[in-house]
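A quick write-up on the structure given underneath.
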Amino acid sequence: MALLEVRDLRVVFQRRGTEPFTAVDGVSFDVDPGQTVGLVGESGCGKSVTSLAIMGLLPSRGNKVTGSVRFEGTDLLTLNDKEMRNRRGRDLGMVFQDPLSSLNPVIPIGLQVTEVLERHRGMSRKAAMVEAADLLGRVGIPDPQRRLSEYPHQLSGGMRQRALIAIALACRPRLLIADEPTTALDVTIQAQILALLKELVRDMGTALIMITHDLGVVAGLCDEVNVLYGGRVVEKAARYPLFADPRHPYTHGLLASIPRLDGARGEKLVPIKGSVADNIPWDHGCAFAPRCPNALAVCREVTPELEAGDVRSLRCHNPVLPGTPAAQEVPA
Amino acid sequence: MTSLLKRKQQRVDALAESAGTSLAADAVRRMLRSPVALIGAFLVLLFLVLAIIAPFIAPKDPYQRYPELLEDLRPDFIPGPMPGFLLGGDELGRDFFSRLLVGAQQSLIVGVGATLIGLVLGMLIGGAAGAFGGWVDSWLMRFTDIMLSIPSLLLAISIAALASRGSQTTVIIAVAVTTVPIFARLLRGAMLAQRHSDHVLAATALGVRRRTVVFRHMLPNSLGPVIVQSTLTLATAIIEAASLSFLGLGDPDPSRAEWGLMLGNSQRYIDVKPELAFYPAIAIIIVALGFTLLGESLREALDPKNRR
């Protein structure tokens with residue numbers, strides 16, 4: 001049994017007087033201790049909603065979450081608000097995208113670290129402060145003792161994200177969800193933060209769910225990758241097969257749209273045409289079909305199922321053949 | 001050239017300074033640099049000091065009728081300045097200057113009292129609405145909407161008139177009630193914005209207790225506009241209290257030294273000695289102006305958009 005088993009997770013947003021919108025549509029994946037699982041996709045594919053659903057942080061009204069999220073055998077979706085509060089921060093940690101807005105601007109960093117220690121580990125303020133300085137030091141913040149009394153706006157972007165990671169890992173949660181943790185940072189800091197996450201996850205045996213649209217992050221960090229499109233997993237594979245041999249046209253397109261160091265000079269990037277449609281896309285045929293260079297007639301009529309193979313699971317009627325070069329731009 | 005260099009150095013110094021300060025210290029620094037804020041602060045400070053020490057520095061007893069002033073008092077003549085009486089007498093032969101001074105204290109008591117009561121009640125209502133949301137929010141906000149829909153002076157007059165016998169306390173309560181919905185709406189709005197902020201979500205994701213989320217993460221971040229509003233409310237509270245006294249809805253004791261009452265009583269003597277109306281009116285205006293200037297510059301200083 002895996003540490004976290006997400007089965008057929010479905011999140012439907014419904015407001016009075018509007019059509020229901022399925023943001024996450026039957027997503028399943030497992031995460032083992034010490035393993036890093038990536039959820040990859042472009043904006044609106046449902047990756048952040050998936051993470052909020054696992055954490056139980058979706059607003060209490062206006063949405064319906066079905067399926068199951070088993071954490072050490074307990075279905076988190078059946079827990080009440082109080083039970084979830086006791087688990088959040090202790091068993092489940094989360095790091096958000098924007099480190100400045102994720103910290104409370106009016107209280108010092110130290111208090112924000114000790115808060116979670118006092119809450120979940122029952123430490124006194126004094127003991128928690130000592131522990132907090134230790135934690136900040138461990139995530140690579142220089143002079144942690146001084147930083148404890150400083151306010152978020154006095155820290156640099158990279159340091160803020162380090163502080164947030166320290167807070168999220170303060171109680172040694174067994175699962176950490178990182179929702180685009182490097183998007184708001186510049187490239188050199190990104191690399192440092194990723195290295196830090198990798199190290200901490202390895203040392204503490206924490207399971208990590210990495211949510212990103214950045215395939216570079218995936219390549220550097222993830223053991224297993226789930227590529228999401230329109231709220232469904234379209235391709236699921238270990239890191240190497242996915243990058244070496246992407247089979248779903250969407251994955252293939254994502255990789256083709258990244259500049260390569262070994263590409264020829266003047267070689268054009270190949271974008272994926274169009275953008276994610278925000279209607280309910282999977283009812284009749286494949287949601288990616290309108291943008292897909294490989295689309296067949298069947299793609300627009302029959303909804304493809306996720307078919308498990310030896311190295312990967314794939315949801316496609318007409319996958320890209322192994323070794324196909326980047327698709328050429330099709331005239332519209 | 002040198003001045004340019006100097007200015008550059010100053011800016012670097014300022015930046016270095018700001019690196020080691022909190023939000024509040026930053027706001028104070030910006031206030032000190034704004035002339036409007038300094039004028040406002042000066043007027044408010046002057047008013048506060050005078051109001052507090054008024055009974056001790058008043059040259060004469062403000063309630064005593066002095067024979068020197070009564071001597072020449074006729075329906076068509078009220079004595080002007082004379083030795084010992086800086087601004088002369090009022091319509092009943094009392095020392096006008098001492099009464100003006102002591103009036104500052106009355107205004108301060110009413111203004112601060114009404115604002116404090118309004119602030120506490122308004123924050124309770126707005127805080128509850130913002131913290132609980134849902135139907136609690138709906139009901140409390142409909143209630144404040146009703147109160148807001150009545151013009152504040154009309155509301156204050158109605159409340160003051162309800163009391164069987166007017167007094168200082170009824171004036172304070174009447175003015176306080178009119179400020180409650182403003183504070184309630186303001187705090188509720190700020191709390192609502194905080195509820196959807198990233199750092200509140202982050203705190204929730206750490207399993208922090210609801211109570212802690214509200215009191216440590218939502219409330220302190222929502223106080224800025226409320227602080228500004230209470231400064232501005234002090235100005236309107238003083239004006240409204242004066243209006244109530246002017247209309248005779250305050251303490252019926254005619255000897256009381258209170259600016260609004262003095263203004264009301266001097267109406268009949270406006271041809272005889274216009275200063276009797278002029279000085280209390282000017283005093284009210286200056287105090288209200290002081291609080292308004294201070295409040296407005298406070299609003300600017302606390303606005304995160306104005307941060308360099």
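So that the names make sense, note that chain A is the first sequence line, chain B the second, and so on, each numbered from 1.
- In this structure, a donor-acceptor pair under 3.5 Å is absent between the side chains of Q112(A) and H217(B).
- Taking both residues in full, the closest heavy atoms of H120(A) and L206(B) are given as NE2-O, 2.8 Å, listed atom of the first, atom of the second, then distance.
- In this structure, the portion of L103(A) lying under 4.5 Å from any heavy atom of chain B is its backbone and not its side chain.
- Contact record, T212(B) with E115(A): CG2-OE2, 3.7 Å, taken as the closest heavy-atom pair.
- For Q145(A), the CD atom sits in a loose shell: 12 or fewer heavy atoms of surrounding residues, nucleotides or ligands are nearer than 6.0 Å.
- Remark: F143(B) CZ is loosely packed, at most 12 non-hydrogen atoms of other residues, nucleotides or ligands lying under 6.0 Å away.
- R146(A) CZ: more than 12 foreign heavy atoms inside a 6.0 Å radius.
- In terms of heavy-atom pairs under 4.5 angstrom with chain B, the leader among L111(A), L92(A), L164(A) is L111(A).
- Considering every non-hydrogen atom in both M55(A) and A205(B), the closest pair reads CE-O, 3.5 Å.
- Within the model, atoms CG of L201(B) and CG of L52(A) stand 6.5 Å from one another, a figure rounded to the nearest 0.5 Å.
- With a 6.0 Å radius and a threshold of 12 heavy atoms from other residues, nucleotides or ligands, R15(A) has its CZ atom at or below the threshold.
- Here the NE2-CG distance, from H199(B) to L100(A), works out to 10.0 Å after rounding to the nearest 0.5 Å.
- The environment of CZ in R172(A) is sparse: at most 12 heavy-atom neighbours from other residues, nucleotides or ligands sit within 6.0 Å.
- Heavy atoms closer than 4.5 Å to chain A are found in both the backbone and the side chain of T204(B).
- Enclosure of atom CZ in R142(B) by more than 12 non-hydrogen atoms of other residues, nucleotides or ligands within 6.0 angstrom is indicated.
- Taking each heavy atom of R61(A) and G134(B) in turn, the nearest pair found is NH2-CA, 4.4 Å.
- Nearest heavy-atom pair, A202(B) versus F96(A), reported as atom, atom and distance to 0.1 Å: CA-CE1, 3.5 Å.
- Of the possible donor and acceptor atoms, none in the side chain of N221(B) sits under 3.5 Å from a partner among the backbone N and O of N104(A).
- Side-chain atoms of R85(A) come within 3.5 Å of backbone atoms of V208(B) as a donor-acceptor pair (strictly under, hydrogens ignored).
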